[in-house]
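Single-structure report; data block below.
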Amino acid sequence: MWLYYFAKAICMIAFNIWYKLDYHGLENIPSGGGYILMSNHRSMIDPIILAEKAHGQVRYMGKMELFRNPILGWALRTIGTFPVDRGAGDTSAIDNSRKVIEEGDILGIFPEGLRSKPGEPLRPKSGVALVARLTEAPVLPCSVYWEGKLGFRRKIVIRYGELIPYEAMGLTESSSARELRNATQLLFGKVLESIEVSKNEY
């Protein structure tokens, strides 16, 4: 775990020099772990800048292709990232997600699955709702926003919304596909609202 905090500190020093990081909603961040951090996905730096203010280790899913590089794969596993084979019905990703929550860490998920490079959010997948149903974990909706091209001294707005308790997601023990879709729309809707606030205040 020490490598996680060391790597995060080094990256954040560099990012604070290169960008203008503007954080909002810090009062909404739980004091401990055991929840899901959910955000839109704009760039490769998102996992680090979102984890910067969290009170605990944020563990993310990473696409399997990244782990095929021995050095990168070792580094990712060392800092707590675990692989997911997208589109292959990878049940180990769900098992690992449950383990993260049960161990009191923070599970970071980008429900779009891919980076939205143009900035327009993509259609979310139901993974967040599924993990929430299996663990009954609350969800912290977050957003990352900037205008123009990401570069030197570009202002990046990181906004944390209010924690959504499991009971508010409309999920049951035997949730149907419709319940999972509805919960996904509710949860990602909070991310979209957060993006709009940042856009209006930018």
Side-chain angles (χ1 to χ4, degrees), residues 1-12 14-15 21 23 28-30 32-88 90-117 121-122 124-132 134-135 137-145 150 156 158-161 163-164 184 187-188 190-191 194:
M1 182 178 289
W2 69 268
L3 183 58
Y4 167 82
Y5 289 105
F6 176 76
K8 187 173 77 167
I10 294 300
C11 288
M12 288 308 302
F15 292 162
L21 301 181
Y23 285 94
N28 295 321
I29 301 175
Y35 66 91
I36 302 168
L37 185 154
M38 173 189 68
S39 177
N40 64 314
H41 198 10
R42 294 288 306 275
S43 76
M44 292 291 287
I45 70 171
D46 295 344
I48 300 171
I49 61 177
L50 284 165
E52 164 63 6
K53 302 299 182 180
H55 305 296
Q57 182 172 5
V58 182
R59 300 185 60 188
Y60 292 96
M61 296 181 186
K63 60 183 181 180
M64 182 66 73
E65 293 83 349
L66 296 175
F67 290 82
R68 290 175 182 153
N69 180 305
I71 297 176
L72 180 58
W74 171 83
L76 289 172
R77 286 189 173 89
T78 300
I79 63 174
T81 303
F82 57 91
V84 57
D85 193 357
R86 297 180 298 184
D90 186 5
T91 58
S92 67
I94 297 298
D95 293 337
N96 284 326
S97 297
R98 295 181 68 168
K99 185 177 179 181
V100 169
I101 297 297
E102 290 168 359
E103 291 180 348
D105 287 329
I106 302 160
L107 177 65
I109 300 182
F110 299 105
E112 296 161 288
L114 300 169
R115 281 175 288 156
S116 175
K117 295 179 181 179
L122 304 174
K125 296 175 173 58
S126 59
V128 174
L130 177 59
V131 175
L134 293 173
T135 61
V139 174
L140 182 67
C142 312
S143 66
V144 178
Y145 180 81
L150 186 61
I156 302 174
I158 304 97
R159 190 177 299 275
Y160 302 90
L163 191 71
I164 303 172
T184 298
L187 295 169
F188 200 65
K190 296 298 182 182
V191 175
S194 179

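What's counted below: heavy atoms across the whole structure, side chains too, no hydrogens, waters or symmetry copies. Throughout, residue positions are numbered sequentially from 1 according to the sequence presented.
Considering only heavy atoms from C-beta on, Leu163 stays 4.5 Å or farther from Asn28 through its side chain. Using a 4.5 Å heavy-atom threshold, the side chains of Glu112 and Ser116 count as touching. Using a 4.5 Å heavy-atom cutoff, the side chains of Met38 and Val191 are in contact. In this structure, Thr81 and Phe67 have side chains that are in contact, with non-hydrogen atoms separated by less than 4.5 Å. Residues Ile36 and Leu140 form no side-chain contact, since every pair of their non-hydrogen atoms from C-beta on lies 4.5 Å or further apart. Residues Tyr160 and Ile158 are in side-chain contact: their nearest non-hydrogen atoms beyond the backbone lie under 4.5 Å apart. Residues Arg59 and Lys99 are not in side-chain contact: their nearest non-hydrogen atoms beyond the backbone lie 4.5 Å or more apart. Contact of the Ser143 side chain with the Arg159 side chain is registered, since non-hydrogen atoms from C-beta on lie closer than 4.5 Å.
No donor-acceptor pair closer than 3.5 Å links the side chain of Asp105 to the backbone N or O of Val100. Panel note: side chain Ser194, backbone Lys190; no donor-acceptor pair is recorded below 3.5 Å.
Across all non-hydrogen atoms, the minimal contact from Pro30 to His55 is O-CD2, 3.0 Å. Pairing each heavy atom of Ala129 with each of Thr184, the nearest pair is CB-OG1, 3.6 Å. Listed here is the closest heavy atom pair of Pro138 and Gly34: CD-O, 3.8 Å. Across every non-hydrogen atom of Val139 and Ala132, the tightest pair is CG2-CB, 4.5 Å.
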Legend entry - Chi angles and distances behind the side-chain contact (heavy atoms from CB on, under 4.5 Å) call for Val84, Asn96: CA-CA 10 Å; Val84 57; Asn96 284 326; over 6 Å; no
Inset, instruction - Might you work through the side-chain contact (heavy atoms from CB on, under 4.5 Å) test for Leu107 and Ile109, ending with a clear yes or no? - result: CA-CA 6 Å; Leu107 177 65; Ile109 300 182; 3.6 Å; yes
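Atom CZ in Arg115 sits 13.0 Å away from atom CG in Asn40 (nearest 0.5 Å). Atoms CG and CD1, on Leu134 and Ile101 in that order, are 11.0 Å from each other to the nearest 0.5 Å. Between Phe188 atom CZ and Lys125 atom NZ the span is 10.5 Å, to the nearest 0.5 Å.
Applying the 6.0 Å contact sphere to OH of Tyr5 captures more than 12 heavy atoms from other residues, nucleotides or ligands.
Relative to the ring axis of Tyr23, Lys53 places its NZ or CZ within 45° and under 6.0 Å from the centre.
The ring pair (Phe, Tyr, Trp, His ring centres under 6.0 Å) search around Tyr60 returns Phe110, not counting sequence neighbours. The side chain to side chain contact (heavy atoms under 4.5 Å, CB included) check on Ala54 picks up Tyr35, Val58, Ile106, with sequence neighbours excluded.
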Using a 3.5 Å cut-off and no angle test, enumerate the donor-acceptor pairs between side-chain atoms of residues 44-51 and protein atoms at least two apart in sequence or in another chain.
from: Asp46; atom 1: OD1; to: Ser43; atom 2: OG; distance (Å): 3.3
from: Asp46; atom 1: OD2; to: His41; atom 2: ND1; distance (Å): 2.9
from: Asp46; atom 1: OD2; to: Arg42; atom 2: N; distance (Å): 2.4
from: Asp46; atom 1: OD2; to: Ser43; atom 2: N; distance (Å): 2.8

